[in-house]
Engineer: 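Structure incoming, see below.
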Amino acid sequence: MRILGINAVFHDPAAALVVDGRVVAAAEEERFSRRKHGKRPVPFSAWEQPEQAARWCLEQGGIDVTELDAVGYSYDPSLVDHDAGGLDPAWEELRTTYASRAPFFLKSALPGLDPDIVHFVRHHVAHAASAGLAAPFRDSAVMVADGRGENISYLAGEYRDGKLLEYATQSLPHSLGLLYEDLTEHLGFARSSDEYKVMALASYGRPRFEAEFRELVRTTGDGGFRTDPVDWAAFAPRRTGGFEQEHADLAATVQKRLEDVLLELARWLCEQTGQSRLTLAGGTALNCVANSRLYREGPFEEIWVQPASGDSGTALGAALHLAAEAGEPIEPMPGADLGRGWTDDELRRWLDRAGVRYERPDDVADTVAEALADNRIVAWFQGRAEFGPRALGHRSLLAHPGHKANLERLNEVKGREQFRPVAPMVLAERAAEIFAGGPLPSPYMLFVHDVDPGWTDRIPAVTHVDGTARIQTVDAAEKPLPARMLRAFADRTGLPVVVNTSLNTAGRPMVDDPRDALECFGSSPVDLLAIGPFVVRRP
């Protein structure tokens, strides 16, 4: 079967193509439209479809829209309870109306599409499928936590032989995701966007309001939980300017309580399923600090997290769910590099058209390693783009990890807050001697690891204030080019680690196509652009 998956109702609109149970392509609309998160998660925007991403996925698969067997839309408007809390009371009916008309909006966006082949897939089932069906193993327990779907915010179950068995859900208004979004907004960040900033800020505080939040946020013993309304100003004033310690302490408190609740939910689920493996999805699964506590202290021997755990991943999950329902065997997700890519000849034509001076060295990996060893900042544009929010060696900014000033330097290049960390990319075979306390290998940058004390002074740029790092391991068999670059850098510096952060600037989506790369390089203080086998140097 040829199945297109669509996420469109909230934020991070995306499309994915699954053919005969195999993931062919997946991409977020923001990478085409250049609008961060594609759109804001308001009811007025629910009519918008990821038409550019969808058209590209079909093109990548060599499929005409009339050849599709099914389309999975990751939301079922028939399940919305407009009397439930946690919704937009004034405009939720508009969102529901737009969602119910999605087959016809898709027909307009993709001429030739038969609206009768569009199937609504429950939001949290789509999340669950993006993890449980895409994982590199067949059976697992699955947990999904986010802000909200149609009428729930959490699902717990297991996959056995490709079928989802549900054990618990949590009805709105109780929501761990909405709790974190409320805190994000109270701390002066954009909700449904900047939650990762709160996670970073939490490392600078201590959970001194923990006793109060144990009463406000608690499990119920039956696989669910309660999140009572919070008077945030009673703990810290709404941030309008700089940060005070109480803001960091409040962030640390909510982060700690989130972790504790997820641990309790995981233990309950393990008892119900008897599974040794856990898969995670939903926006909360992008909280790598919580993931790491689940790994260290939870009951499961192995944890796999969907790299696109946010709403974009439900496009993939909706397609996989329909494929599994049709009885097709599902192949594991091949990696996160499911987006657009260009041939060497196509990249050369882009460079010629841009009129920039470039060279083709014998080995771009060695040239980049030399520049990094000389403390240059490198824009790295290689292969197919990542699906999801993490830069995983395809659209990255790279730097030397041994200079502490490079953290501030990169945050200035990107226009980010200075309390935010950057991440290390490390050779898989060397990771265990430097990083501990998390799963290895860790190819998707979804866990934090403790930095060995003997290495903290050697790689200060990637060591966070709490002594941890959110690592990406690189296996030479799977990623030969970045592995070769890392080895060449290690030969020069003794460090098998480089700084890896996303190739973009604040408020902009990650670079996706060659034009984006050239524009970012031209407007940012970056020293070298490695684009395919070519190198562009700052004059």
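Atoms considered below: every heavy atom in the structure, side chains included; atoms not considered: hydrogens, waters and symmetry mates.
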Engineer: Applying side-chain hydrogen bond (donor to acceptor under 3.5 Å, both in side chains) to Glu264 and Thr219, what does each step give before you reach the verdict?
Structural biologist: CA-CA 7 Å; Glu264 292 176 35; Thr219 56; 2.4 Å; yes
Engineer: Shortest non-hydrogen contact from Ala391 to Arg395?
Structural biologist: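 Scanning both residues completely, I find the closest heavy atoms to be CB-O, 3.4 Å.
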Engineer: Compare all side-chain heavy atoms of Leu87 with those of Asp81 and state whether any distance is below 4.5 angstrom.
Structural biologist: no
Engineer: Salt bridge or not for Arg35 and Glu48, using N-O below 4.0 Å?
Structural biologist: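 Salt bridge present between Arg35 and Glu48.
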Engineer: Under the criterion side chain to side chain contact (heavy atoms under 4.5 Å, CB included), I'd like the reasoning laid out for Ile63 against Val24: C-alpha separation, chi angles, the key distance, then a yes or no.
Structural biologist: CA-CA 11 Å; Ile63 293 172; Val24 173; over 6 Å; no
Engineer: For a quick test of reading the model, state the closest non-hydrogen atom pair linking Ala27 to Ala53 and the distance between them.
Structural biologist: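 Closest pair (atom of Ala27, atom of Ala53, distance): O-CB, 3.6 Å.
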Engineer: Ignoring hydrogens and angles, tell me if any N or O in the side chain of Asp69 forms a donor-acceptor pair with the backbone of Arg2 under 3.5 Å.
Structural biologist: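 Side chain of Asp69 to backbone of Arg2: a pair is present.
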Engineer: Ion pair present between Asp516 and Arg508, side-chain N to carboxylate O less than 4.0 angstrom?
Structural biologist: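 Salt bridge absent between Asp516 and Arg508.
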Engineer: Starting at CD of Gln472, measure out to CG of Leu446 and round the result to the nearest 0.5 Å.
Structural biologist: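 One gets 10.0 Å once the value is rounded to the nearest 0.5 Å.
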Engineer: Calculate, to the nearest 0.5 Å, the distance between atoms CG and OG belonging to Asn504 and Ser396 respectively.
Structural biologist: 10.0 Å
Engineer: To the nearest 0.5 Å, what is the distance between NE2 (His321) and CG (Leu133)?
Structural biologist: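 Between His321 NE2 and Leu133 CG, I get 9.0 Å after rounding to 0.5 Å.
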Engineer: Salt bridge or not between Asp260 and Arg293? Use side-chain N to carboxylate O under 4.0 Å.
Structural biologist: yes
Engineer: Is the closest side-chain heavy-atom distance between Asp311 and His123 below 4.5 Å?
Structural biologist: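 The answer is yes; the side chains approach within 4.5 Å.
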Engineer: What do you reckon, are the aromatic ring centroids of Phe189 and Phe243 less than 6.0 Å apart?
Structural biologist: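 Ring-ring flag for Phe189/Phe243: true, centres closer than 6.0 Å.
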Engineer: In terms of the angle between their ring planes, are Trp91 and Phe44 parallel, tilted or perpendicular, with boundaries placed at 30° and 60°?
Structural biologist: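 It falls in the tilted class, 30° to 60°.
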Engineer: Got a donor-acceptor contact below 3.5 angstrom from the Ser45 side chain to the Pro41 backbone?
Structural biologist: no
Engineer: May I ask you to check whether over 12 heavy atoms, not counting those of Gln418, lie within 6.0 Å of atom CD?
Structural biologist: yes
Engineer: Run the side chain to side chain contact (heavy atoms under 4.5 Å, CB included) check on Glu29 and Glu51 step by step: do they pass?
Structural biologist: CA-CA 8 Å; Glu29 187 72 3; Glu51 53 189 273; 4.3 Å; yes
Engineer: Under 4.5 Å between any side-chain heavy atoms of Leu201 and Glu417, yes or no?
Structural biologist: no
Engineer: Can you find a heavy atom in the side chain of Met199 that is under 4.5 Å from one in the side chain of Tyr180?
Structural biologist: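 Met199 reaches Tyr180 side chain to side chain.
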Engineer: Do Tyr196 and Leu286 have side chains that get closer than 4.5 Å, going by heavy atoms?
Structural biologist: no
Engineer: Are the side chains of Val254 and Phe209 in touch, meaning some heavy atoms are under 4.5 Å apart?
Structural biologist: no
Engineer: Please answer whether the main-chain N or O of Ala14 pairs with a side-chain N or O of Ser312 as donor and acceptor at a distance below 3.5 Å.
Structural biologist: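 Judged by distance alone, no pair lies under 3.5 Å.
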Engineer: Just checking, is any N or O donor in the side chain of Gln275 or Ser140 under 3.5 Å from an acceptor N or O on the other one?
Structural biologist: no
Engineer: Roughly how far apart are Arg122 CZ and Leu164 CG, rounded to 0.5 Å?
Structural biologist: 7.5 Å
Engineer: Are any side-chain N or O atoms of Asn151 and backbone N or O atoms of Val80, one a donor and one an acceptor, separated by less than 3.5 Å?
Structural biologist: no
Engineer: Assess whether side-chain hydrogen bond (donor to acceptor under 3.5 Å, both in side chains) is satisfied between Asn287 and Gln255, documenting all intermediate values.
Structural biologist: CA-CA 9 Å; Asn287 191 307; Gln255 174 66 34; 2.9 Å; yes
Engineer: Without swapping roles, check the side chain of Lys36 against the backbone of Glu30 for a donor-acceptor pair under 3.5 Å.
Structural biologist: no
Engineer: If you compare all heavy atoms of Arg31 against all heavy atoms of Met510, which two are closest, and at what distance to 0.1 Å?
Structural biologist: CD-O, 3.6 Å
Engineer: Quick one: do Arg218 and Asp228 make a salt bridge, cutoff under 4.0 Å?
Structural biologist: yes
Engineer: Evaluate the criterion side chain to side chain contact (heavy atoms under 4.5 Å, CB included) for residue pair Phe213 and Lys256; output intermediate values, then yes/no.
Structural biologist: CA-CA 10 Å; Phe213 273 85; Lys256 173 68 161 52; over 6 Å; no
Engineer: Donor-acceptor pair, distance only, cut-off 3.5 Å: does the side chain of Gln170 make one with the backbone of Phe225?
Structural biologist: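 Yes, the answer is positive, given that a donor and an acceptor are paired below the 3.5 Å cut-off.
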Engineer: Can you list the steps and then say if Thr169 with His124 is a side-chain hydrogen bond (donor to acceptor under 3.5 Å, both in side chains)?
Structural biologist: CA-CA 9 Å; Thr169 59; His124 285 78; over 6 Å; no
Engineer: I need the minimum non-hydrogen distance between Thr279 and Ala131, along with the two atoms involved.
Structural biologist: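 Taking every non-hydrogen atom into account, CB-CB, 3.8 Å.
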Engineer: Would you call Arg95-Glu92 a salt bridge at under 4.0 Å N-O?
Structural biologist: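 Judged by the 4.0 Å cut-off on N to carboxylate O distance, Arg95 and Glu92 do form a salt bridge.
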Engineer: Is a donor on one side and an acceptor on the other found under 3.5 Å between the side chain of Asn411 and the backbone of Arg420?
Structural biologist: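 Looks like yes, one N/O pair under 3.5 Å.
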Engineer: Side chains of Pro307 and Phe387, heavy atoms from C-beta outward: is any pair under 4.5 Å?
Structural biologist: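 Not in contact.
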Engineer: Can you measure from CG (Asn291) to OG (Ser309) and round to the nearest 0.5 angstrom?
Structural biologist: 7.5 Å
Engineer: Let's go through Tyr444 and Trp304 carefully: what are the C-alpha distance in whole Å and the side-chain angles of both, what is the deciding distance for side chain to side chain contact (heavy atoms under 4.5 Å, CB included) to 0.1 Å, and is it a yes or a no?
Structural biologist: CA-CA 10 Å; Tyr444 295 131; Trp304 189 86; 4.0 Å; yes
Engineer: CG of Leu263 to CG of Leu294: how many Å apart, nearest 0.5 Å?
Structural biologist: 5.0 Å
Engineer: Would Ser33 and Lys39 satisfy side-chain hydrogen bond (donor to acceptor under 3.5 Å, both in side chains), going step by step from the backbone distance to the final call?
Structural biologist: CA-CA 10 Å; Ser33 69; Lys39 61 182 181 179; over 6 Å; no
Engineer: Search all heavy atoms of Ala70 against all heavy atoms of Leu322 and return the closest pair with its distance.
Structural biologist: CB-CD1, 4.2 Å
Engineer: Is it the case that the side chain of Thr468 and the backbone of His464 share a donor-acceptor pair, with hydrogens and angles ignored and the cut-off at 3.5 Å?
Structural biologist: no
Engineer: Any salt bridge between Glu59 and Arg55, counting N to O under 4.0 Å?
Structural biologist: no
Engineer: Under the 3.5 angstrom rule, does the side chain of Ser175 hit a backbone N or O of Gly147 as a donor-acceptor pair?
Structural biologist: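 Checking the backbone N and O of Gly147 against the side chain of Ser175, a donor-acceptor pair under 3.5 Å is found.
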Engineer: Find out whether Leu176 and Val217 are in side-chain contact, i.e. whether some heavy atom of one side chain is under 4.5 Å from a heavy atom of the other.
Structural biologist: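 Contact flag for Leu176/Val217 side chains = yes.
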Engineer: Ignoring hydrogens, what is the shortest heavy-atom contact between Ala145 and Tyr154? Give both atom names and the distance.
Structural biologist: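 Looks like CB-CD1, 3.9 Å.
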Engineer: Within the side chain of Arg340, is there an N or O that forms a donor-acceptor pair under 3.5 Å with the backbone of Gln60?
Structural biologist: no
Engineer: Can Arg101 be said to sit on top of Phe105's aromatic six-ring, NZ or CZ under 6.0 Å from centre and within 45° of the ring axis?
Structural biologist: no
